[in-house]
*Asks:* 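Here it is, the structure in full.
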Amino acid sequence: MTPTTSTHFPAGFLWGASTAAHQTEGGNTNSDFWAKEVVEGSILPERSGDACDSYHRWREDLDLAVGLGLNSYRFSLEWSRIVPTPGAVSLAELAHYRRMIDGCLVRGLQPVVTLHHFTNPRWFADLGGWRRADNIAHFEAYVAAASTILEGVEWVCTFNEPNMLAMIATMFDDGQREELVAGALPPPDPAITDVTIAAHHRARALLAEHTDAKIGWTVANQNFQAEPGAEDIAREWGWPREDVFIDAARGDDFIGVQAYTRVRIGADGALAAPDGSELTLTGWEYYPNAAAEAVRHTAQLLPGMPIVVTENGIATDDDDQRIDYTSRSLRALADVAGSGVDLRGYFHWSLLDNYEWGSYAPHFGLVQVDRTTFARTIKPSGSWYGAVASANGATL
Ligand code: BGC
């Protein structure tokens with residue numbers, strides 16, 4: 001008898017969707033990314049503006065997630081709201097995010113809370129941001145404040161994609177927006193690498209003391225694949241951009257894997273997508289094996305570590321293509337889970353069509369958002385994914 005896919009997703013598997021504060025809330029005016037959007041001559045084509053108005057419509061978002069059949073929801077707290085100026089903690093904003101956590105819990109959604117998803121308070125960026133080790137104390141103060149609202153939260157991610165953070169910072173210095181579109185980013189700033197790793201370890205200690213949550217961080221897995229003869233180059237390429245961050249997760253309770261595509265590495269570094277390959281709206285190669293390969297890579301570096309796919313998805317206006325991508329991705333992940341990797345969950349990026357760091361054009365959502373009324377409309381892929389989730393993968 002052929003085993004069914006469902007046997008490969010363990011009981012209690014987290015089936016969720018991911019979002020991030022800046023991309024969905026709207027009006028995130030005290031954040032450094034907002035400042036980058038509105039500065040004269042900004043390299044960002046579009047401003048986030050009202051985003052999906054999820055700051056006010058989060059209940060609707062949670063209703064959608066649970067209505068689809070999901071059992072978990074990943075979102076981020078916005079530091080620049082909670083700590084508007086150094087030393088000041090907004091109890092009202094903490095209460096807002098606590099209501100969201102309670103909103104998840106009453107609906108039967110496991111909240112997966114990210115403390116830092118790319119954005120910083122403007123004042124933190126003005127102090128030199130993640131390039132300065134003495135700024136970690138500011139992050140710790142924020143994490144301490146956040147830890148007071150985390151009761152009942154089982155999964156906490158300190159940072160989202162610190163490796164991407166280290167790479168996009170350089171991009172803004174150089175003003176090279178095109179590099180982001182092509183998927184081959186500038187090299188990470190080593191100072192940001194060191195400081196975010198140290199900050200993660202300090203936040204982890206603090207959270208372990210004050211909460212019962214499982215603590216980890218998420219890494220952008222780029223699936224660096226060596227062309228024949230470029231194996232050493234690919235290893236050297238991958239260490240500062242990805243593996244050093246996976247390595248820094250040793251001692252965590254879990255690691256979040258986030259993958260969308262692959263990047264081939266030749267003698268001179270990153271190569272463009274193969275000629276004739278299908279590209280998504282972000283210009284990335286259509287590569288549904290991305291998440292499974294990234295999970296395997298992570299499991300090789302961190303044997304036995306519980307893994308959650310905290311992001312995976314596709315920017316497309318062809319919703320059948322989203323279903324095709326996601327079903328292939330999930331079938332490949334079922335095989336990985338079946339091979340003994342401790343895979344705990346899958347979070348689709350994203351619940352909503354949202355602000356893709358400079359543009360609303362790439363649509364990653366399971367749910368469409370009208371840009372003027374903010375009305376949400378479930379796409380066929382949303383209903384499809386919800387049915388897969390409800391059946392723990394058996395319908396794949
Ligand atoms: C980020 C998201 C982003 C997604 C698609 C990840 O790098 O965590 O914020 O929208 O990929 O680009």
Side-chain angles (χ1 to χ4, degrees), residues 16-26 28 31-34 36-37 44-46 48 51-52 54 73-79 112-120 157-169 171-172 177-186 188 192 196 216-223 241-242 245-246 255-263 279-288 290-291 294 308-317 322 325-326 329 346-367 369:
S18 279
T19 58
H22 188 75
Q23 295 176 269
T24 56
E25 286 182 347
N28 194 20
S31 76
D32 61 344
F33 208 87
W34 181 281
K36 288 181 168 81
E37 293 165 20
L44 301 166
E46 250 181 306
S48 56
C52 305
S54 291
Y73 184 65
R74 173 173 175 246
F75 65 99
S76 71
L77 311 189
E78 180 55 42
W79 179 11
V112 176
V113 176
T114 302
L115 301 181
H116 185 281
H117 196 122
F118 293 159
T119 47
N120 305 297
C157 310
T158 57
F159 285 85
N160 179 74
E161 300 187 346
N163 53 334
M164 198 55 73
L165 198 66
M167 290 189 275
I168 58 178
M171 195 188 77
F172 277 100
R177 167 80 197 170
E178 281 75 276
E179 301 232 30
L180 179 63
V181 176
L185 294 156
I192 300 181
T196 52
W217 70 353
T218 79
V219 177
N221 288 255
Q222 298 141 89
N223 285 311
R241 289 170 175 80
E242 181 172 314
F245 295 91
I246 297 175
I255 183 164
V257 167
Q258 313 199 154
Y260 294 85
T261 187
R262 66 167 172 173
V263 178
L279 300 181
T280 68
L281 290 179
T282 38
W284 303 341
E285 183 187 349
Y286 180 81
Y287 195 71
V308 179
V309 174
T310 36
E311 285 183 27
N312 172 241
I314 175 174
T316 182
D317 284 330
R322 188 180 335 276
Y325 177 94
T326 311
S329 178
Y346 173 88
F347 288 76
H348 194 78
W349 183 271
S350 180
L351 180 70
L352 306 172
D353 282 344
N354 58 42
Y355 182 62
E356 179 54 20
W357 306 109
S359 170
Y360 281 102
H363 296 137
F364 278 96
L366 298 166
V367 174
V369 178

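Indexing begins at 1, ligand by ligand and atom by atom, following the structure's order. Each residue takes its place number in the sequence, starting with 1.
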*Asks:* For S48 and A51, indicate whether the former's side chain and the latter's backbone hold a donor-acceptor pair under 3.5 Å.
*Replies:* no
*Asks:* Could you label the plane-to-plane angle of the F33 and H22 rings as parallel, tilted or perpendicular, counting under 30° as parallel and over 60° as perpendicular?
*Replies:*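 The arrangement is perpendicular - the two ring planes meet at more than 60°.
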*Asks:* Should the pair F159 and H116 be assigned to parallel (<30°), tilted (30 to 60°) or perpendicular (>60°) ring geometry?
*Replies:*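 If you compare the ring of F159 with that of H116, the planes turn out tilted.
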*Asks:* How are the rings of Y346 and H348 set relative to one another: parallel (under 30°), tilted (30 to 60°) or perpendicular (over 60°)?
*Replies:*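 Answer is tilted, since the angle falls between 30° and 60°.
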*Asks:* Got the residues with a heavy atom under 4.0 Å of ligand 1, by chain and number?
*Replies:* Q23, H117, F118, N160, E161, Q258, Y260, W284, E311, W349, E356, W357, F364
*Asks:* Should F364 and T280 count as side-chain neighbours, where that means a heavy-atom distance under 4.5 Å?
*Replies:*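 No, every pair of side-chain atoms sits at 4.5 Å or beyond.
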*Asks:* Is any side-chain heavy atom of S54 less than 4.5 Å from a side-chain heavy atom of L352?
*Replies:*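 A side-chain contact exists here, since the closest heavy-atom pair is under 4.5 Å.
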